Amino acid sequence: MHSIDIDPKTKGEVEVTGWIHEIRDLGGITFLLLRDREGITQITLPKRKISKEILEKVKKASRESVLRVKGDVQEDGRAPNGFEILPSSIEILAMAKSPLPLDPTEKVSAEIETRLDQRFLDMRRPRVKAIFMIRSYALRAIREFFYEKDFIEVNTPKIVATATEGGTALFPISYFEREAFLNQSPQLYKQMLMSSGFERVFEIGPIFRAEEHSTRRHLNEATSIDMEMSYADDEGVMRLLEELIHHTYKYIAKNASRYLRVLEREIKIPDIPFKRISYNEAIEISDLEWGDDFGALGERKLGESIGEHYFIRKWPLEIKPYYTMPCGKNESKSFDLMHPRAELASGSQRVHDHKLLEKQIEERGFSPESFFFYLNTFKYGMPPHAGWGLGLERLLMTMLDLDNIREAVMFPRDRRRLVP
RNA sequence: GCCCGGGUGGUGUAGUGGCCCAUCAUGCGGCCCUGUCGAGGCCGCGACUCGGGUUCAAAUCCCGACCUGGGCGCCA
């Protein structure tokens, strides 16, 4: 039984299990706060009414020890949730050592690295746990959305032979007698599945980037929400993306409001459609030259001037990957989804013509031979298609206004951290 | 990759040359207390990352190592 399943009107004996959050011994009466995944229950022990054996056990038990408590529910306005439990038996299931490496009651704050070193304990803190409860709701909202839109969920390899798109650095690994890499994106595989005729696929999985950055918005292992859709163009998948964002916010506001309250966050469901600005308009606002990418400063400037989610469309072809569909003289059918704080997603209509794709690969200095397994799928009937990839942690970070992206991952991997 | 910053009890901190065998909070141990909800009161415990140097004197200044936070580049 969880703490939230009990209310002042609950009759008879209940059994609760959890960790000792705090013990307040006032002499004649002792209050024991027992914490579980969903909240905190007050166990009240008036000296005169409780057996000596139980009082001794409570005296002996350390903070964060695990207990099983049986007792009657008493309605009492003085108790935190309007009720308390008078224990008839208490079992110490596991004693906790002292001192604790971290204070789960949050009376004394801890720095993020101390917290991450002791992440199992850190996640006992209600506010930290709430983030991951919300993350689970977000994943559920996203899956339900895709299934509703007739997508199928797929899994593609994370151990790969070649780079996907150049750009980012890869982690080399040893694969028997060969060198292999951890995949930076499922891009090539989800496109290949369009040729296989799955029409609409999505994947939620890890992506790996070996960039040596140390910032509050980068991870070396992140979770990517990827989709690819046949017979769609860039505008079609942009609409799907903004609908998904809107749906996820709405779902969390409705179903995870308890956890938002723990976090003391209110989320504003963004209005759709999102504002669309062209790359040309964007560089004008941020004083850049055509062909430039937006640095951190440019992004911030743009974000401040727009103040909500927006798309930047029609990027110069030369700064987008080879699989991007050209458009006009030197533009492309591409887009980035931006939040004032960070880039959330990027996508495009893809090149589905074999010759054009080969040409664009060559233009970027790659050899078509190393992309044979990919290029081959474009020779025998590749439907036109479009897709995008969305960073789950970035979505959560911006939704919950977390100041560090590591807050959105249970066990983050960054430049220095490999354990836990 | 470039640049800036930081390592003081378990945790979070004060202390920038002598006033420091180191401040405060929390924690832990002991005692008092029948309505706590950051409980309160009294007593006690527990720390200067490591190595070298400067100095009459180093937590404090210098050098190096190790660990680490952040900004930028790049990247999602």
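A note on names: the letters A, B, ... follow the listed sequences, proteins ahead of strands, and every chain is numbered from 1. Note that this is a predicted model, so its numbers are computed, not measured. The figures here come from the full heavy-atom set of this structure, side chains too, leaving out hydrogens, waters and symmetry mates.
Using Watson-Crick or G-U wobble geometry with both donor-acceptor distances under 3.5 Å, B:rU36 finds no partner in any strand shown. In this structure B:rG5 sits in a base pair with B:rU68, meeting the Watson-Crick or G-U test at under 3.5 Å. Remark: B:rG29 base-pairs with B:rC43; criterion is Watson-Crick or G-U wobble with both hydrogen-bond distances under 3.5 Å. Summarising the base pairing, B:rC56 is matched to B:rG18 through a Watson-Crick or G-U wobble pair whose two defining distances lie under 3.5 Å. Using N1 to N3 plus N6-O4 or O6-N4 for Watson-Crick, or N1-O2 and O6-N3 for G-U wobble, each under 3.5 Å, B:rG73 pairs with nothing.
For A:E144 (side chain) and A:A141 (main-chain N/O), no donor-acceptor pair under 3.5 Å exists by modelled atom type. Between the A:R119 side chain and the A:M410 main chain, a donor and an acceptor come within less than 3.5 Å of each other. Between the side chain of A:E393 and the backbone N or O of A:T223 there is at least one donor-acceptor pair closer than 3.5 Å. In this structure a side-chain-to-backbone donor-acceptor pair under 3.5 Å is present from A:R265 to A:L400. With A:E84 contributing its side chain and A:Q74 its backbone, the two residues share no donor-acceptor pair below 3.5 Å. When atom types are taken as modelled, the side chain of A:T215 and the backbone of A:R217 share a donor-acceptor pair closer than 3.5 angstrom.
As judged by a 4.0 angstrom heavy-atom cut-off over every strand, A:E212 is placed among the base-contacting residues. Contact annotation for A:P101: backbone-only contact, meaning every heavy-atom pair under 4.0 Å involves sugar-phosphate atoms and none involves a base. Among the atoms of the strands shown, base atoms are found under 4.0 Å from some heavy atom of A:A79. At the heavy-atom level, A:D336 lies nowhere under 4.0 Å from the strands shown. Residue contacts for A:R63: at a heavy-atom cut-off of 4.0 Å it reaches the sugar-phosphate backbone alone, with no base atom in range. As judged by a 4.0 angstrom heavy-atom cut-off over every strand, A:R115 is placed among residues making no nucleic acid contact. Among the heavy atoms of the strands, none lies under 4.0 Å from A:E106. Within the 4.0 angstrom heavy-atom criterion, no nucleotide atom of any strand lies near A:E393. At a threshold of 4.0 angstrom between heavy atoms, the contacts of A:L219 include nucleobase atoms, whether or not backbone atoms are also involved. Contacts of A:N404 with the nucleic acid, taken as non-hydrogen atoms under 4.0 Å apart, involve only primed sugar atoms and P, OP1 or OP2.
Distance from the side chain of A:R24 is smallest for B:rU36 among the nucleotides B:rC75, B:rU36, B:rG71. The side chain of A:I29 approaches B:rG35 more closely than any other nucleotide in the set B:rU26, B:rC33, B:rG35. Of the candidate nucleotides B:rG71, B:rG12, B:rC74, B:rG71 has the atom nearest to the side chain of A:T215. Among the nucleotides B:rA39, B:rC72, B:rC74, the one closest to any side-chain atom of A:L26 is B:rA39. Listed nucleotides: B:rG35, B:rG27, B:rC74. Nearest to the side chain of A:H213: B:rC74. You'll find that the side chain of A:D293 is closest to B:rC75, out of B:rC75, B:rC72, B:rU36. Checked against B:rG35, B:rC75, B:rU68, the side chain of A:R209 finds its nearest nucleotide in B:rC75.
Within residues 83-100 of chain A, the residues having any heavy atom under 4.0 Å from RNA chain B are, by residue number, A:E84, A:S98, A:P99, A:L100.
In this structure, A:L116 atom CG and B:rU11 atom P are separated by 15 Å, rounded to whole Å. If you measure from atom CD1 of A:I20 to atom P of B:rC28, you get 11 Å, rounded to the nearest angstrom. Computed from coordinates, the A:E75 CD to B:rG35 C1' distance equals 16 Å when rounded to whole Å. Taking atom CG on A:D117 and atom P on B:rG10, their separation rounds to 15 Å, with Å as the unit. Here B:rC75 presents its P atom at 13 Å from CE of A:M338, a figure rounded to the nearest Å. Between A:L32 atom CG and B:rG35 atom C1' there is a gap of 15 Å when expressed in whole angstrom units. Rounded to whole angstrom, the span from the CG atom of A:N81 across to the P atom of B:rU36 amounts to 16 Å. The CD1-P distance, from A:I405 to B:rG71, rounds to 12 Å in whole Å.
Of the side-chain N and O atoms in A:R416, one or more sit less than 4.0 angstrom from OP1 or OP2 of B:rG69. Applying the 4.0 Å criterion to OP1 and OP2 of B:rA39, one finds that A:K107 has a side-chain N or O inside that range. Side-chain N/O atoms of A:R216 include one lying less than 4.0 angstrom from OP1 or OP2 on B:rG71. Of the side-chain N and O atoms in A:R406, one or more sit less than 4.0 angstrom from OP1 or OP2 of B:rG70. Applying the 4.0 Å criterion to OP1 and OP2 of B:rC72, one finds that A:R300 has a side-chain N or O inside that range.
The same atom, C1', is picked in B:rG27 and in B:rU34; the two are 26 Å apart, to the nearest Å. The C1' atoms of B:rG53 and B:rU11 are separated by 33 Å, rounded to the nearest whole Å. Comparing the P positions of B:rC50 and B:rC28 gives a spacing of 27 Å, expressed to the nearest Å. A distance of about 38 Å separates the C1' atoms of B:rG9 and B:rG1, rounded to the whole Å.
Positionally, the nearest nucleotide of RNA chain B for A:R415 lies more toward the 5' end than for the other of A:G28 and A:R415. Each of A:L344 and A:T44 has a nearest nucleotide on RNA chain B; the 5'-most of these lies closest to A:T44.
A side-chain N or O of A:T30 and one of A:D25 form a donor-acceptor pair less than 3.5 Å apart. Side chains of A:Y279 and A:E331: no donor on one and acceptor on the other come within 3.5 Å. A side-chain donor-acceptor contact under 3.5 Å links A:S224 and A:D226.
In the interface, the side chain of A:R78 is not paired with the base of B:rU36 through any donor and acceptor atom under 3.5 Å apart. Judged by atom type and distance alone, A:E22 does not reach the base of B:rU36 through any side-chain donor-acceptor pair under 3.5 Å.
Checked for salt-bridge contact, A:E407 and A:R115 meet the test: a charged N lies under 4.0 Å from a carboxylate O.
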Distance-only criterion, 3.5 Å: show the donor-acceptor pairs between side-chain atoms of residues 303-321 of chain A and protein atoms not counting sequence neighbours.
{"unit_1": "A:S305", "atom_1": "OG", "unit_2": "A:L302", "atom_2": "O", "d": "2.9"}
{"unit_1": "A:W315", "atom_1": "NE1", "unit_2": "A:I312", "atom_2": "O", "d": "3.0"}
{"unit_1": "A:K320", "atom_1": "NZ", "unit_2": "A:D336", "atom_2": "OD1", "d": "3.0"}

